[in-house]
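Along the sequence shown, residues are numbered consecutively beginning with 1.
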Amino acid sequence: MQLVDEYRQYQVDYISFDSPGGNVICRTSVDREGPQTLRACKRRDELGPLLNRADWCYGQKDEAGINWEWHKCDANSRRYE
């Protein structure tokens, strides 16, 4: 559960709630090499695999993003990629 809490804090820190990893900054920043972008992507890439190993997922593959919630992964879960 600590990983989920860290991930939630990451999302708050980077004001990115649209996808696992809070990766809006990583995906959309026009400053690809800027310090904020690099920090956001690095942290996402650190936490994502840890969440996979802990079997925690955020949302289901066929579900609208507004309905995504943290849960123990199942066959239809959205895992970090």
Side-chain angles (χ1 to χ4, degrees):
M1 203 60 175
Q2 181 181 351
L3 281 173
V4 172
D5 292 339
E6 284 185 47
Y7 205 76
R8 285 182 179 144
Q9 186 59 51
Y10 165 80
Q11 289 177 317
V12 169
D13 289 348
Y14 293 100
I15 313 172
S16 314
F17 296 98
D18 78 325
S19 64
N23 65 1
V24 170
I25 291 172
C26 296
R27 291 185 298 117
T28 63
S29 177
V30 294
D31 186 8
R32 300 301 303 154
E33 299 300 319
Q36 183 183 23
T37 303
L38 295 175
R39 267 193 315 276
C41 294
K42 181 179 184 227
R43 189 65 178 144
R44 176 202 59 191
D45 293 343
E46 291 169 350
L47 290 174
L50 295 174
L51 289 163
N52 282 345
R53 282 197 295 270
D55 208 29
W56 276 101
C57 291
Y58 189 54
Q60 299 290 328
K61 292 176 185 172
D62 59 350
E63 178 175 62
I66 194 164
N67 296 321
W68 293 348
E69 293 184 2
W70 287 104
H71 63 279
K72 283 302 242 180
C73 298
D74 59 39
N76 195 44
S77 295
R78 299 181 77 250
R79 289 183 174 269
Y80 175 79
E81 297 178 357

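Contact of the Trp56 side chain with the Lys72 side chain is registered, since non-hydrogen atoms from C-beta on lie closer than 4.5 Å. Considering only heavy atoms from C-beta on, Lys42 stays 4.5 Å or farther from Arg39 through its side chain.
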* **Check against side-chain contact (heavy atoms from CB on, under 4.5 Å), Cys57 and Arg78** => CA-CA 6 Å; Cys57 291; Arg78 299 181 77 250; 5.7 Å; no

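Under the side-chain contact (heavy atoms from CB on, under 4.5 Å) criterion, Leu50 pairs with Leu3, Arg53, not counting sequence neighbours. In this structure Gln60 satisfies the side-chain contact (heavy atoms from CB on, under 4.5 Å) test together with Asp62, Glu63, His71, Asp74, Asn76, Ser77, sequence neighbours excluded. Listed by chain and number, the residues in a side-chain contact (heavy atoms from CB on, under 4.5 Å) with Ala75 amount to none (sequence neighbours excluded).
Here Asn52 contributes atom CG and Cys73 contributes atom SG; the two are 6.5 Å apart, rounded to the nearest 0.5 Å.
Connection of Leu47 to Leu38 is not established within any shared hydrophobic cluster, with ILVMFWY side chains joined at heavy-atom distances below 4.5 Å, either directly or through further cluster members.
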